[in-house]
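All ligand and atom numbering here is 1-based and tracks the order in the structure.
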Amino acid sequence: MSRLIAALAVVWRLAAPYFRSEDRWAGRALLAAVIAIELAIVAITVMINQWNARFYNALQERDWTSFVSELVFFCALAAAFIVLAVYQLYLNQWLQIRWRRWMTDRYLSHWLEDANHYRMQLLGDAADNPDQRIADDINLFIDRGLSIGLGLLSSVVTLVSFVAILWNLSAQAPLQIGGTVWSIPGYLVWAALLYAIAGTALTHLIGRPLIPLNFQQQRYEADFRFHLVRVRENGEQIALLAGEPAEKARLLDRFAAVMSNWYAIMIRQKKLTFFTAGYRQASTVFPFVVMSPAYFASVINLGALMQAADAFANVQTALSFFVTSYRTIAEWKAVVDRLDGFDRSIAAGRAVAAGPATIAVTPRAEADRIAAGSLAVRLPDGRALVRADALGLPAGERVLVNGPSGSGKSTLFRALAGIWPFGDGTVAVPEGKSVMVLPQRPYLPVGPLAAAVSYPGLPDAFPRDTVAEVLGAVGLPGLVPRLDEEAHWGRMLSLGEQQRVAIARAILHAPDYLLLDEATASLDEPSEAALYRLLRERLPGTALISIGHRSTLDALHDRHLVLEREGDGHAVRERTLTPAQ
Ligand SMILES: Nc1ncnc2c1ncn2[C@@H]1O[C@H](COP(=O)(O)OP(=O)(O)OP(=O)(O)O)[C@@H](O)[C@H]1O
């Protein structure tokens with residue numbers, strides 16, 4: 001019980017904010033309309049049940065006038081039912097998309113803002129696959145949540161209404177067995193309940209193994225798909241190594257799991273269908289069997305018999321909701337858990353950023369340089385990585401940073417750029433000055449080349465002529481005519497070409513501090529030197545702080561910092577540069 005309450009509290013926490021948001025009036029109105037229509041549909045079902053009695057009595061008594069008027073009445077009910085059913089779906093879908101838009105916007109903001117997505121990734125994988133959370137789980141949460149909630153409401157109201165009808169009919173037609181009249185109040189209700197409960201319990205018993213089997217099926221299918229995607233992503237490597245036979249064997253292996261689970265589902269489903277089909281057929285005649293003695297003894301007429309049969313069917317459908325929805329509810333619970341985990345992971349990412357044991361990167365009006373004081377950069381588990389006691393990076397200076405592989409150079413850059421929270425100390429950045437980091441493998445979004453060059457600016461952030469000129473200047477004049485071409489540039493261009501695009505990007509954005517993390521390492525030395533000269537010429541006021549291992553870089557910088565072993569980690573030390581040749 002306490003688990004149910006806890007689960008409902010989570011559902012409330014996930015669902016309620018929308019109904020308190022700026023879109024609350026539309027959301028509340030749509031939800032109220034959908035619920036009202038659901039109740040109206042149950043009312044029509046009850047009216048059709050009562051109509052059954054009048055209609056079949058008219059038929060039995062060959063009463064033409066009543067027959068015609070009941071037909072007209074039925075047409076009116078049917079018309080109302082059709083309109084309600086159409087609008088219920090329409091308004092339901094409308095509510096779904098508004099609600100989903102709001103939740104997607106909210107989750108995207110919480111995930112993306114302030115580099116939280118990166119921190120969440122650093123903190124571990126409580127929220128694995130954020131793409132699935134945002135694209136699928138929000139959708140499923142709303143869609144399944146509404147259908148379960150409305151189904152539950154409708155089943156409860158239907159059950160209450162038809163149990164009352166059956167109770168009244170039981171009084172009209174007392175139970176007769178072998179000519180003896182048994183006075184059992186509401187015996188039709190008990191018969192319907194027993195029949196439905198026995199049926200649903202057996203369905204559950206036979207069908208229960210299907211729940212884990214279906215879960216497994218989804219997992220095996222996802223696994224198979226994942227390996228197919230891996231082959232697509234690593235096509236070049238696989239082709240170079242001629243690994244296709246190994247890949248095919250691996251893929252068929254994954255598919256074998258899909259197949260064997262599928263066979264298990266087939267066998268179980270066959271057993272279940274034997275039972276459910278038989279049960280459904282028996283349901284048609286069961287109420288007639290129970291009431292036939294009263295009918296043949298002329299205690300009730302045809303109308304009451306037909307009404308009872310219809311009420312039986314409704315009670316049974318309402319009760320079986322709980323079992324037929326069992327799987328949907330189980331799946332929905334998994335969705336709720338995943339969204340809840342994602343929520344907690346978002347909160348954890350934010351808490352780290354706001355926590356006391358973090359590196360504070362703050363803008364300072366009086367600062368004339370990036371200055372780090374008593375900076376201790378740590379790993380997420382708290383281990384020491386890099387210490388910098390008094391690091392100063394003045395405007396316009398060119399600083400070379402190196403040190404052993406794994407000593408923490410890239411992580412130091414992340415800390416200076418304000419995205420690495422683990423550690424303590426402060427980094428002061430002159431107010432209003434911008435920092436840009438170029439990694440070794442630049443991120444080029446899929447789309448037009450002009451957008452990839454202008455990133456993170458919008459595609460039209462810079463005049464086309466300027467983009468073309470800069471692209472030519474970094475040594476890619478051949479790409480200028482392709483600025484509008486849409487492609488996966490990160491896959492199409494060589495790493496050296498991608499690094500040239502990134503330098504073009506830096507020239508366009510003209511940051512005050514440019515941190516180059518082996519950003520020209522894939523270029524030959526003369527090209528690298530040419531690009532550094534270009535950066536100096538185009539961005540004379542920009543400080544260039546580079547990580548690089550080549551000795552030729554010495555001549556392109558004014559200062560040299562080295563990460564040297566100290567205690568458990570490394571410390572940043574000043575060293576003299578090899579004089580320029
Ligand atoms: N997200 C992370 N979680 C745990 N450890 C990390 C993480 N990122 C980096 N590290 C570890 O921190 C250490 C420093 O990594 P970093 O990439 O900063 O080194 P580097 O000096 O730039 O190395 P290289 O010269 O090889 O590029 C490495 O041991 C690395 O495994």
For this session: Please work out whether the ring planes of Trp99 and Tyr18 are parallel, tilted or perpendicular, with thresholds of 30° and 60°.
Result: parallel
Exercise. Are the side chain of His509 and the backbone of Ser454 linked by a donor-acceptor contact shorter than 3.5 Å?
Worked result: yes
For this session: May I ask which of Gly406, Gly408, Gly569 has a heavy atom nearer to atom 13 (C) of ligand 1 than the others do?
Result: Gly406
Seminar exercise, completed: Per-atom filter on ligand 1: closer than 4.0 angstrom to a heavy atom of Leu379 are 5 (N), 6 (C), 10 (N), 11 (C), 12 (O)
Exercise. Below 4.0 Å from any atom of ligand 1, is there a heavy atom belonging to His549?
Worked result: yes
Seminar exercise, completed: the protein heavy atom lying closest to atom 15 (O) of ligand 1 turns out to be Thr411 OG1, 3.7 Å
Exercise. Can you tell me which residue and heavy atom of the protein come closest to atom 1 (N) of ligand 1, and the distance to 0.1 Å?
Worked result: Leu122 CD2, 3.2 Å
Exercise. Does the side chain to side chain donor-acceptor pair (under 3.5 Å) test come out yes or no for His110 and Asp343, once each step is laid out?
Worked result: CA-CA 9 Å; His110 288 179; Asp343 254 357; 5.6 Å; no
Exercise. Can you name the one residue among Phe141, Phe342, Trp102 that meets ring-ring contact (aromatic ring centres under 6.0 Å, His included) with Tyr107?
Worked result: Phe342
Exercise. Touching ligand 1 at all, Glu518? Heavy atoms, strictly under 4.0 Å?
Worked result: yes
Exercise. Do you see a protein non-hydrogen atom under 4.0 Å from atom 30 (C) of ligand 1?
Worked result: no
Seminar exercise, completed: If you scan protein heavy atoms around atom 26 (O) of ligand 1, the nearest is Ser405 OG, 2.7 Å
Exercise. How long is the gap from CD1 on Ile97 to CG on Asn92, to the nearest 0.5 Å?
Worked result: 12.0 Å
Exercise. Which residue supplies the protein heavy atom nearest to atom 7 (C) of ligand 1, what is that atom called, and how far is it?
Worked result: Trp420 CH2, 4.0 Å
Seminar exercise, completed: So the atoms of ligand 1 within less than 4.0 Å of a heavy atom of Pro380 turn out to be 3 (N), 4 (C)
Exercise. Among protein heavy atoms, which lies nearest atom 22 (O) of ligand 1, and at what distance?
Worked result: Ser410 OG, 2.7 Å
Exercise. Can any side-chain N or O of Arg369 pair as donor or acceptor with the backbone N or O of Gly392 at less than 3.5 Å?
Worked result: no
For this session: Taking Gln498 for its side chain and Gly490 for its backbone only, find out whether a donor-acceptor pair lies under 3.5 Å.
Result: yes
Exercise. Just how far is it from atom CD1 of Ile545 to atom CG of Leu514, taken to the nearest 0.5 Å?
Worked result: 7.5 Å
For this session: Identify the protein heavy atom lying closest to atom 25 (O) of ligand 1, giving its residue, its atom name and the separation to 0.1 Å.
Result: Lys409 NZ, 2.9 Å
